[in-house]
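We count residues from 1, following the sequence as given. Counting convention: from 1, in listed order, for ligands and their atoms alike.
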Amino acid sequence: MEIKVKKNVLGKNDRLAAEIRKYLSEKGIFAINLISSPGAGKTTILEETCARLKDKLGIAVVEGDITTTRDADRIARHGVPVHQIETQGACHLDARMLENALEHLDLDKVDLLIIENVGNLVCPATFDLGEDAKIVVLSVPEGDDKPAKYPGIFRRAKVLLLNKIDLLEISGFDKEKALRDLAEINPDITVFETSATKGTGMDEWCQWLADRVAEKKKK
Ligand code: MG
Ligand code: ZN
């Protein structure tokens, strides 16, 4: 009866996620759920994003990790409000964890909520958190076969950040092949080629975010 149990868990999660989505919408907050394998560069991307946008927008961050507050400490250094969820073993965030985390943040002046999920390309894709957009990060050293092998997250994401693009040659990453596979899975996805450590593509990515925040405010 495992199948039924999983269905019930997801049903419950989806109902809570829908409540969170409504709550955030009433506050005019645009929320993203950042998903990737461990080490793809999510936190560095986040640091660069906060550095570029924190004077223009109200930002709050929720960090998900199995253990440690290291990523939250990195974000806090930018003067952005952050709350760390330590999942104690769970390999993804769920809506209940996010609901608890939001109680620790003052959302009144927030325009953009960034949720960094636990490093994992598989189950974070299936747990709705009430976000407006899932953002997937794929770093080129992980290999060009990832969209074909992990289609779930690439299908559900609105944006792909193809990160560590400065390592393209050295990684032997076949960009055309990866983008061809991606187009088959999700023809509507927006792709930014980024190197968070070098700053490549970060202005374009931040402009995309600022445009979505402005759209959400108008609604
Ligand atoms: Mg991280
Ligand atoms: Zn999981």
Side-chain angles (χ1 to χ4, degrees), residues 2-3 5-14 16-17 20 31-54 59-101 104-105 112-131 133-142 146 149-157 159-164 167 194-198 202 205-206 209:
E2 209 177 307
I3 292 166
V5 169
K6 196 178 177 200
K7 224 177 164 180
N8 283 340
V9 169
L10 280 178
K12 208 175 156 198
N13 185 78
D14 286 352
L16 183 54
I20 292 172
I32 63 169
N33 181 1
L34 201 57
I35 297 171
S36 78
S37 303
K42 288 189 298 305
T43 311
T44 307
I45 287 169
L46 247 174
E47 288 186 275
E48 290 302 309
T49 302
C50 288
R52 281 171 175 75
L53 290 178
K54 69 179 180 188
I59 305 177
V61 174
V62 173
E63 281 289 340
D65 275 302
I66 290 173
T67 187
T68 81
T69 60
R70 289 180 190 189
D71 285 0
D73 297 343
R74 285 170 62 184
I75 300 303
R77 270 183 243 135
H78 295 267
V80 169
V82 56
H83 182 76
Q84 177 82 47
I85 301 170
E86 289 186 73
T87 65
Q88 311 296 347
C91 51
H92 59 267
L93 296 181
D94 62 30
R96 178 68 62 198
M97 294 178 201
L98 180 63
E99 184 192 36
N100 292 337
H104 294 271
L105 291 166
L112 173 65
L113 174 68
I114 305 177
I115 305 150
E116 181 182 335
N117 218 308
V118 181
N120 176 351
L121 271 184
V122 187
C123 43
T126 58
F127 281 84
D128 186 10
L129 301 178
E131 73 277 347
K134 288 183 172 64
I135 310 295
V136 62
V137 182
L138 171 62
S139 65
V140 301
E142 293 170 65
K146 294 304 168 291
K149 283 188 174 175
Y150 299 89
I153 181 55
F154 291 93
R155 184 177 301 122
R156 291 178 177 93
V159 171
L160 164 65
L161 301 177
L162 190 56
N163 198 37
K164 307 190 190 180
L167 302 180
T194 59
S195 167
T197 53
K198 299 237 164 24
M202 294 311 297
W205 153 242
C206 288
L209 274 177

Decide yes or no for Arg156 and Thr126: does some side-chain heavy atom of the first lie under 4.5 Å from some side-chain heavy atom of the second? yes

Between Glu63 and Leu46, is there a side-chain heavy-atom distance shorter than 4.5 Å? yes

What is the name of the N/O/S atom in His92 that sits closest to the Zn ion (ligand 2)? ND1

Restricting Glu116 to its N/O/S atoms, the closest one to the Mg ion (ligand 1) is OE2

Can you tell me if an N/O/S atom from Asp71 lies under 2.8 Å from the Mg ion (ligand 1)? yes

For the residue pair Ile59 and Pro81, what are the closest heavy atoms and their distance? O-CD, 3.3 Å

When you compare the side chain of Ser36 with that of Ser139, does any pair of heavy atoms fall below 4.5 Å? no

The angle formed at the Zn ion (ligand 2) by SG of Cys91 and SG of Cys123 is about (to 10 degrees) 110°

